[in-house]
There are 2 protein chains.
Amino acid sequence: MKGTGPTIRDPRSTIRKIRSGDVRALARALTEVENGGAAAAELLRGMFPFSGQAWRVGITGAPGAGKSSLVDRLAAELRREGKTVGIIGVDPTSPYSGGAILGDRIRMQSHASDPGIFIRSMATRGFLGGVARATADVALVLDAAGREVVLVETVGVGQDEVDVVKLADVVAVLLVPGMGDDVQALKAGILEIADVLVINKSDREGADRLEQELRAMLEIAHRPDGWAPPIVRTVATEGAGVAELLAALRTCRFPGRAVSNWKARLLEMLRERLMERALQTGLSNGELEAVAAEVAERKRDPYRFVEEVVERACR
Amino acid sequence: MKGTGPTIRDPRSTIRKIRSGDVRALARALTEVENGGAAAAELLRGMFPFSGQAWRVGITGAPGAGKSSLVDRLAAELRREGKTVGIIGVDPTSPYSGGAILGDRIRMQSHASDPGIFIRSMATRGFLGGVARATADVALVLDAAGREVVLVETVGVGQDEVDVVKLADVVAVLLVPGMGDDVQALKAGILEIADVLVINKSDREGADRLEQELRAMLEIAHRPDGWAPPIVRTVATEGAGVAELLAALRTCRFPGRAVSNWKARLLEMLRERLMERALQTGLSNGELEAVAAEVAERKRDPYRFVEEVVERACR
């Protein structure tokens with residue numbers, strides 16, 4: 001699924017521009033990276049050695065939990081400290097949704113005057129399925145571009161979202177009072193990824209009950225690494241609790257996470273690269289279409305066909 | 001991620017047993033298939049020619065929407081018609097959750113006396129990421145085993161869930177009154193997959209408002225194929241509206257869906273097979289671990305490494 005951005009002819013000069021703070025070059029590069037392909041690969045190779053400096057914070061939670069407001073407040077707080085910030089908004093659940101784009105425009109306005117905040121929305125999902133890959137690459141470029149903090153905002157706690165936020169150094173999961181059943185339903189998903197639990201809209205009725213539920217949950221279910229996520233209350237729209245959240249996030253240190261994250265990422269990169277190769281060397285879209293039709297009529301064995309394609313690609 | 005079931009030594013005789021209605025052989029085969037591997041591949045090859053007969057219905061919706069109750073009611077309704085039913089419960093969002101298993105036990109009890117209903121829960125997610133692949137294979141085996149209807153129940157409308165239900169011939173999305181913002185948030189996801197919209201717990205306050213919101217949504221946003229999903233009201237716990245839902249599901253005919261589904265499935269099978277091959281021939285877990293550590297310290301280029309692994313696997 002290729003995007004519309006112009007292809008970058010000279011990755012080296014683009015990298016120089018990005019490193020020197022050229023925001024338009026950065027935006028073009030991110031489009032390239034999001035789309036994937038050869039130029040993107042060269043860009044990423046060139047940017048990689050400069051990466052590894054940024055503090056990457058993932059923020060996730062159900063729709064309507066107030067992620068964007070909280071991310072904006074966190075960004076403002078970080079700016080007050082003089083930190084440069086990159087924000088990545090990801091919405092992998094709705095390929096048809098313009099939500100992220102719209103939110104992007106609105107937020108661009110509020111931060112337009114501040115070059116210290118760079119916002120990137122990713123509403124698209126690659127044909128090869130790599131929203132996690134694309135987000136990780138975009139974060140890497142923002143990191144290598146010198147952004148001191150990269151905030152990654154994603155909706156929900158589905159597997160896609162888990163994969164997306166796993167690239168972060170620390171992850172905050174937002175909850176709001178009055179979710180009812182959902183705490184139970186989300187429990188496993190939350191515990192898998194939450195380093196910090198945030199009760200946003202905590203001025204609402206039910207905040208105490210939610211906190212009790214979360215504490216009860218944390219007493220029964222424990223994380224493999226033994227970390228007990230702190231619970232922070234916020235009212236993002238008013239900025240309440242944001243400084244406390246930032247402090248809580250900074251208490252999170254997970255040695256070994258960078259390695260396990262890279263492990264998962266290498267596998268994802270490998271998966272995507274193998275598919276690219278198979279589709280280039282072994283399988284045209286026309287053939288795929290034709291074979292799918294034969295398989296649907298049980299005139300062809302899909303399992304044998306897949307083996308054939310693998311052999312073609314890996315001759 | 002291998003399961004615990006015993007490996008099947010003689011796929012041919014297993015297939016004969018399954019075809020003759022041996023439920024224990026079916027259960028063993030499904031475990032094998034869910035785990036993947038060589039024996040599973042042979043089983044699937046053998047079962048494939050017998051598949052393509054079942055009517056596959058996907059049912060999805062947010063946690064607490066009442067999917068299980070509705071699926072049980074649909075199954076009971078189908079049994080009254082004398083149809084044999086297979087039920088697959090999938091919960092890809094919570095790898096740590098025993099929810100599906102628990103639900104399975106409870107439901108097994110209520111249907112224990114009826115061999116016409118076979119229930120299979122899939123709470124696990126394969127290491128190679130193939131819950132969609134595994135579910136599709138399990139559905140194929142139930143189909144080839146002679147189940148006339150296969151009901152696939154999955155939580156949420158994230159990408160994983162979309163991939164899971166895409167294997168179905170028709171998909172119902174459950175909503176409940178009082179979701180508020182969520183309708184907006186879910187809009188794109190719902191429209192992508194819903195052939196029938198179900199307002200469950202429709203005896204609750206807000207059912208009319210929800211229906212109005214859905215109708216308004218359907219007037220603005222249209223599906224690429226032009227289909228306007230009917231809206232059906234149910235109260236699953238009482239069985240209200242279940243017959244109407246079944247009738248609505250039966251009005252759904254989508255020529256070409258089988259082909260597009262197989263297209264997506266072939267790509268998923270290819271993705272998984274390529275990874276298996278790469279991990280067998282090109283990359284050990286120990287090396288992956290070591291390289292991830294070097295990459296995390298920026299001592300190694302992950303992009304070049306992935307290329308190397310591809311070359312090794314596809315020499």
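Quick note on labels: first sequence line is chain A, next is B, and so on, each numbered from 1. Atom set for the values below is all heavy atoms of this structure, side chains included, hydrogens, waters and symmetry mates excluded.
With respect to the salt-bridge test (charged N to carboxylate O, under 4.0 angstrom), the residues A:R300 and A:E294 qualify. Of the charged side-chain nitrogens involved, none lies within less than 4.0 Å of a carboxylate oxygen, so that B:E268 and B:R265 do not count as a salt-bridged pair. Residues B:E153 and B:K67 are not paired through a salt bridge, judged by the lack of any N-O separation under 4.0 Å between the basic side chain and the carboxylate.
Residues of residues 255-262 of chain B that come within less than 4.5 angstrom of chain A, heavy atom to heavy atom, are B:A258, B:V259, B:W262 in numerical order.
In this view, B:S51 and A:R298 satisfy the side-chain hydrogen bond (donor to acceptor under 3.5 Å, both in side chains) rule, not counting sequence neighbours. Remark: B:R19 engages no residue in a salt bridge (Lys or Arg N to Asp or Glu O under 4.0 Å) (not counting sequence neighbours). Partners of B:E307 according to the side-chain contact (heavy atoms from CB on, under 4.5 Å) rule, which considers only residues two or more places apart in sequence or in another chain, are A:R45, A:R273.
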